[in-house]
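First the structure, in the form of structure tokens, and then the observations on it.
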Amino acid sequence: MRHVVLVTAMIVGLYLVGRAVAEPFVIDLGDPASYRDDWGGPSLAGVLAVHCGPGLLALGLMVAAVRRRSARARASAGDPRRGW
């Protein structure tokens, strides 16, 4: 069950990261009418925070999880870089 939750979380996280990357290209940054009615509008900063913020948070959590997992694997393997 844990693997199902982790895979689902990774899929949702990758979707959020993709959405964060695509959002600046989807809206016309120079035309406030293109994002005025979006969530976080009418300001550009609010729209980008609402649409890109979760993707940046998901990316940070995924990077932290991968780093934690690799550090744990190195520690259990007796990696010489860790001074074991």
Side-chain angles (χ1 to χ4, degrees):
M1 186 65 176
R2 182 176 181 214
H3 292 295
V4 172
V5 171
L6 289 174
V7 168
T8 304
M10 288 296 284
I11 290 170
V12 170
L14 290 173
Y15 165 76
L16 291 172
V17 170
R19 180 177 164 193
V21 169
E23 185 65 24
F25 300 104
V26 172
I27 61 174
D28 184 6
L29 299 175
D31 181 17
S34 71
Y35 55 81
R36 181 180 308 134
D37 296 329
D38 288 351
W39 286 1
S43 71
L44 178 60
V47 170
L48 291 178
V50 168
H51 292 267
C52 297
L56 293 175
L57 179 64
L59 180 63
L61 291 173
M62 287 189 287
V63 167
V66 168
R67 291 184 72 191
R68 187 174 351 129
R69 184 175 177 152
S70 66
R72 194 178 312 141
R74 279 196 310 261
S76 67
D79 188 8
R81 291 181 288 173
R82 302 241 336 149
W84 299 95

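Index from 1, following the sequence. Since the model is a prediction, treat every value here as computed from it, not as a measurement.
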*Which value, rounded to the nearest 0.5 Å, describes the distance between L56 atom CG and L48 atom CG?*
10.0 Å

_Could you list the cluster mates of L61? Members are the ILVMFWY residues connected by side-chain heavy atoms closer than 4.5 Å, either directly or through other members._
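Result for L61 is L57.
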
_Where A20 and G55 come nearest, the two heavy atoms and their spacing_ = CB-CA, 4.0 Å

*Looking only at non-hydrogen atoms, find the nearest pair between A49 and P54 and report the distance.*
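Residues A49 and P54, closest heavy atoms: O-CD, 3.8 Å.
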
Exercise answer: donor-acceptor pairs, residues 2-17 side-chain atoms, under 3.5 Å, sequence neighbours excluded:
from : atom 1 : to : atom 2 : distance (Å)
T8   : OG1    : V4 : O      : 2.8

*Which pairs pass side-chain hydrogen bond (donor to acceptor under 3.5 Å, both in side chains) with one or both residues in residues 48-58, sequence neighbours excluded?*
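Passing the test, one end in residues 48-58: R19-H51.
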
Donor-acceptor contacts under 3.5 Å from residues 66-73 side chains, at least two apart:
from : atom 1 : to  : atom 2 : distance (Å)
S70  : OG     : V66 : O      : 3.3
S70  : OG     : R67 : O      : 3.0

Pair up each side-chain donor or acceptor in residues 36-47 with any protein partner under 3.5 Å, not counting sequence neighbours, and list the distances.
from : atom 1 : to  : atom 2 : distance (Å)
S43  : OG     : G46 : N      : 3.1

